[in-house]
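Lettering of chains follows the sequences in order, A, B, ..., and the numbering in each one begins at 1. Computed from a predicted structure; not experimentally measured.
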Amino acid sequence: MGVFVLSVEGRLLDMGALKEIPAVGTVQGLAFSSTEGREVYRHSASHILAHAVKELFPQAKLAIGPAIEDGFYYDFDIDRPFSPEDLAAIEKKMAEIIKKNSPFTRREISKKEALEMFGKMGEIYKMELIEALPDETVSLYEENGFTDLCRGPHVPGTGRIKAVKLLSVAGAYWRGDEKRKMLQRIYGTAFDSKEDLKKYLEFLEEVKKRDHRKLGRELDLFSINEEIGAGLILWHPNGALIRKTIEDFWRGEHLKTGYKLIFSPHMAKLDLWRRSGHWDFYRENMYSPMEVEGVEYEIKPMNCPFHIEVYKSSLRSYRELPIRYAELGTVYRFERSGVLHGLLRVRGFTQDDAHIFAREDQIEDEVQRILDFTLFVLNTFGFYNYDIYLSTRPEKYVGSDENWERATNALRLALEKKGLKYAVDPGEGVFYGPKIDIKVKDSLGRAWQCSTIQVDFNNPERFDVTYRGSDGQEHRPIMIHRALMGSLERFFGILIEHYAGAFPLWLAPAQVDVLTIAERHAEFALKVAEALRAEGIRAETNLENEKINYKIRISAMRKTPYSVIIGDKEVSEEGSALSIRKRSGETVGPLSISGFIELLKDEINSRR
RNA sequence: GCCGGGGUAGCUCAGUGGCAGAGCAGCUGAUUCGUAAUCAGCAGGUCGUGGGUUCAACCCCCAUCCCCGGCUCCA
């Protein structure tokens with residue numbers, strides 16, 4: 001597909017500007033295949049959307065309409081909400097505009113003129129945007145009588161848009177400010193060909209199929225119950241088994257890697273949270289205190305203060321450092337009802353938390369160790385691609401500039417020594433220290449924030465945490481807060497979608513379903529299942545009076561990795577040649593019972 | 001919290017100001033079967049909850065809880 005926008009020394013320009021470009025620098029044509037090209041393309045589509053809406057709903061006021069990751073949106077201020085039927089009508093109007101193939105033409109006018117022009121049209125949001133612009137002139141783009149304020153560039157003409165689809169309507173605050181008016185936002189997407197659009201829509205279907213809330217019910221993994229409360233998870237036996245397996249793995253690996261496991265209570269005196277600073281900095285996420293014999297207690301939103309108190313329970317020497325405390329600590333945070341989402345955003349969750357107390361000279365090395373450990377754990381769950389971010393000092397912060405500098409450098413060096421690619425997220429650190437965030441990419445290429453490694457200057461100070469140095473003096477250790485999976489709830493939700501519910505053998509709640517062909521095979525089937533269970537394999541039987549096709553279907557829908565079929569043949573051969581079927585439909589074997597057990601154990605141990 | 005859409009059987013979903021429906025799942029019976037759904041019967045509901053309008057409300061109105069898509073926020 002051809003190019004439709006120019007890149008001149010990194011600046012994007014309309015194709016029409018070609019003749020005006022002075023003969024300096026390199027000129028490059030961009031197509032849909034480039035990120036910038038895609039953005040321009042979809043931004044043009046959003047103009048066409050605005051045009052269509054203005055034709056159908058002249059009273060609608062225009063706000064903004066940028067390109068986003070997978071498409072575009074446009075915000076409108078309109079007295080009535082858009083219905084699905086409206087979307088269909090708008091889409092039809094857009095098709096007409098595209099068919100006309102009117103050229104996008106650029107024009108520059110003074111700010112004053114622009115204000116006057118949009119003022120006459122009653123476009124108050126555009127006026128607000130113009131007023132905020134720094135330059136004296138602003139640019140406008142026009143196609144077929146529709147003019148919009150826009151920096152540009154655009155595709156040459158509306159006919160350049162090959163495939164467009166409106167997806168949804170949602171409320172959105174003007175300028176993202178919840179104190180300002182809520183506008184109606186229309187989301188859509190555009191592609192360079194009908195086939196690519198179709199592929200994207202199929203991707204959306206796949207996302208829907210993998211929705212962990214849907215699979216969670218179908219596979220009987222977990223539930224959320226109105227009687228109990230929003231954002232509070234019930235782990236059903238199948239989900240609990242998976243969680244237990246994850247926890248066992250997690251604890252085992254932590255012990256191997258030099259962590260000490262601890263447990264801490266779910267509540268503590270409010271004074272503790274005052275001292276930690278949470279009551280000042282984090283109160284909006286905390287629940288109201290409860291009174292116990294005249295003293296206020298608070299349910300915990302974090303585990304850190306407890307870990308600090310364990311550290312402080314005795315005098316620490318520099319020889320002991322680093323001290324690493326790990327805990328699967330369940331915390332409760334207030335989240336506004338509208339943000340709750342299945343397992344991914346809840347009010348009670350278990351962090352795979354750890355706090356490391358280290359000397360300053362140990363930070364870089366320790367962070368490297370944590371990075372190794374994190375990637376190992378993520379790999380185990382089938383995540384091999386990551387986006388890594390280094391977040392630096394925010395506007396509001398505690399600690400000295402010098403400390404921040406040193407800690408940020410330590411994080412950066414650790415990343416570089418590991419040869420890990422990362423992006424800097426300026427000003428996105430926590431108030432108490434810089435951090436590294438790792439987002440994993442799942443099997444559909446979606447990024448999820450899980451792991452975080454945070455340096456903390458604040459708490460050692462507030463709690464007066466010390467160690468005795470080789471000089472016999474008291475020193476302040478640095479605290480590193482880290483989570484690998486983030487929270488078990490969220491991680492589980494991500495895993496469900498990542499595997500589409502088909503968990504690898506080591507995690508699968510039922511590993512083998514033993515299925516009988518007729519009732520006379522039940523006795524032998526039970527013997528086979530028992531032999532598997534004796535070896536620690538999670539085997540279940542289906543002895544129902546149903547056809548084998550039915551039982552295979554049920555087993556496959558439960559996504560049990562293996563089923564074993566027991567009929568006359570297997571019984572007469574006494575299990576020397578089991579008929580084994582994978583959930584994918586592939587057959588394995590025939591294998592003897594012991595051969596099958598060996599195969600299963602090998603697969604479980606390698607966590608494939 | 002805000003905007004919009006919802007809540008009907010365990011699940012997925014029809015439905016109407018005048019007797020509450022289907023498929024799947026469940027139970028019972030028949031069938032005894034070789035790699036993704038055997039047949040028949042039965043049972044299953046305070047129509048999210050609380051008020052109101054009406055001779056009559058699952059349906060209309062108000063409030064409330066919860067869910068969904070977003071916004072803001074975030075593990």
Side-chain angles (χ1 to χ4, degrees), chain A residues 73 75 77-78 80-84 86 167-187 208 211 213-214 217-218 220 223-231 282 284-285 301-303 329 331 333-353 430 437 439 448-452 454 481-494 515-522 544-558 563-570 579-588:
Chain A
Y73 67 78
D75 287 345
D77 184 5
I78 184 168
R80 49 164 283 217
F82 292 113
S83 67
D86 292 337
L167 299 169
S168 60
V169 196
Y173 300 108
W174 168 234
R175 305 220 128 176
D177 183 344
E178 60 183 313
K179 288 184 193 72
R180 307 200 59 176
K181 186 158 186 187
M182 178 147 296
L183 310 172
Q184 298 284 324
R185 173 173 297 179
I186 297 180
Y187 283 93
K208 237 191 232 168
D211 190 312
R213 295 164 298 185
K214 181 172 174 281
R217 191 169 41 240
E218 286 170 6
D220 201 10
S223 65
I224 302 168
N225 183 325
E226 196 176 327
E227 308 275 314
I228 292 169
Y282 205 69
E284 59 185 33
N285 283 294
M302 293 203 186
N303 302 304
V331 298
R333 298 183 186 171
F334 171 70
E335 299 285 357
R336 304 206 274 180
S337 58
V339 309
L340 299 172
H341 182 92
L343 292 172
L344 300 180
R345 193 75 183 271
V346 295
R347 283 179 174 158
F349 57 96
T350 301
Q351 294 182 304
D352 68 317
D353 213 354
V430 201
D437 284 332
K439 291 188 181 181
W448 303 95
Q449 154 92 61
C450 292
S451 320
T452 184
Q454 309 179 347
H481 170 115
R482 55 106 275 208
L484 311 181
M485 300 183 281
S487 93
L488 290 177
E489 284 74 7
R490 164 181 278 188
F491 196 72
F492 186 38
I494 294 166
L515 315 177
T516 51
I517 286 174
E519 275 171 12
R520 62 178 175 278
H521 308 126
E544 274 178 68
N545 179 8
E546 290 287 352
K547 288 189 171 178
I548 193 67
N549 278 345
Y550 178 83
K551 295 187 189 180
I552 285 170
R553 180 181 155 78
I554 299 295
S555 181
M557 286 198 312
R558 283 175 10 122
S563 23
V564 177
I565 289 131
I566 306 292
D568 287 340
K569 205 162 91 55
E570 287 71 23
S579 178
I580 300 156
R581 188 186 200 275
K582 286 191 166 191
R583 66 187 154 203
S584 59
E586 197 183 331
T587 52
V588 185

Write down the distance between [atom1] ([X]) and [atom2] ([N]), rounded to a whole number of angstrom.
X	N	atom1	atom2	value
L183(A)	rC71(B)	CG	C1'	10 Å
K179(A)	rG1(B)	NZ	P	16 Å
K547(A)	rA37(B)	NZ	P	10 Å
W174(A)	rU72(B)	CH2	C1'	16 Å
W448(A)	rC74(B)	CH2	P	18 Å
E586(A)	rU35(B)	CD	C1'	13 Å
K551(A)	rU32(B)	NZ	P	14 Å
R520(A)	rC33(B)	CZ	C1'	9 Å

Answer yes or no: side-chain N or O of [X] and base N or O of [N] forming a donor-acceptor pair under 3.5 Å.
X	N	answer
R336(A)	rU72(B)	yes
R553(A)	rA37(B)	yes
Y73(A)	rG70(B)	no
E335(A)	rA75(B)	yes
R345(A)	rC73(B)	yes

*D568(A) with R520(A): basic N within carboxylate O range, under 4.0 Å*: yes
*Between R213(A) and D211(A), is the closest basic N to carboxylate O distance under 4.0 Å?*
yes
Nearest to the side chain of [X] - [options]?
X	options	value
R213(A)	rA75(B), rA36(B), rG69(B)	rG69(B)
Y550(A)	rG34(B), rU38(B), rA75(B)	rU38(B)
V339(A)	rC71(B), rA75(B), rU35(B)	rC71(B)
D568(A)	rG34(B), rG1(B), rU32(B)	rG34(B)
Q184(A)	rC3(B), rU38(B), rA36(B)	rC3(B)
I565(A)	rG69(B), rA75(B), rU35(B)	rU35(B)
A518(A)	rA25(B), rC2(B), rU32(B)	rU32(B)
A230(A)	rC67(B), rG1(B), rA36(B)	rC67(B)
R333(A)	rC71(B), rA75(B), rG69(B)	rA75(B)
M182(A)	rU72(B), rC2(B), rU12(B)	rC2(B)

Span that lies between the [atom1] atom of [M] and that of [N], in whole angstrom:
N	M	atom1	answer
rC39(B)	rA25(B)	P	10 Å
rG51(B)	rG44(B)	C1'	30 Å
rC33(B)	rC42(B)	P	29 Å
rC74(B)	rA14(B)	P	37 Å
rC68(B)	rU28(B)	P	36 Å
rC65(B)	rG10(B)	P	24 Å
rG45(B)	rU49(B)	C1'	16 Å
rA75(B)	rC59(B)	C1'	43 Å

Smallest separation among heavy atoms of [X] and [Y], with atom names:
X	Y	result
L340(A)	A230(A)	CD1-CB, 3.5 Å
K551(A)	E546(A)	CE-O, 3.5 Å
R347(A)	E335(A)	NH2-O, 2.7 Å

Nucleotide forming a Watson-Crick or wobble pair with [N], both distances under 3.5 Å:
N	result
rU49(B)	rA63(B)
rA56(B)	none
rG1(B)	rC71(B)
rC27(B)	rG41(B)
rA14(B)	none
rU35(B)	none

Once you apply a heavy-atom cut-off of 4.0 Å, does [X] come out as touching a base, just sugar-phosphate, or nothing?
X	answer
R583(A)	base
I517(A)	base
E544(A)	nothing
Y187(A)	sugar-phosphate
Q351(A)	nothing
K569(A)	base
G176(A)	sugar-phosphate
V346(A)	base

[N] phosphate, OP1 or OP2: any side-chain N/O from [X] under 4.0 angstrom?
X	N	value
R185(A)	rG4(B)	no
S168(A)	rG70(B)	no
H341(A)	rG69(B)	yes

*Testing D352(A), D353(A), T452(A) for side-chain contact (heavy atoms from CB on, under 4.5 Å) with L484(A), which one passes?*
D352(A)
*Taking the nucleotide of RNA chain B with the closest heavy atom to each, which residue, E489(A) or I580(A), is nearer the 5' end?*
I580(A)
*Between D211(A) and F349(A), who's closer to the 5' end of RNA chain B by nearest nucleotide?*
D211(A)
*Could you tell me whether rC19(B) is syn or anti, where syn means a glycosidic angle within 90 degrees of zero?*
syn
Between [X] (side chain only) and [Y] (backbone N and O only), is there a donor and an acceptor less than 3.5 Å apart?
X	Y	result
R581(A)	S563(A)	no
E489(A)	T350(A)	yes
Q449(A)	S451(A)	yes

*asked:* Rounded to the nearest 0.5 Å, what separates atom CG in D77(A) from atom CE in M182(A)?
replied: 12.0 Å
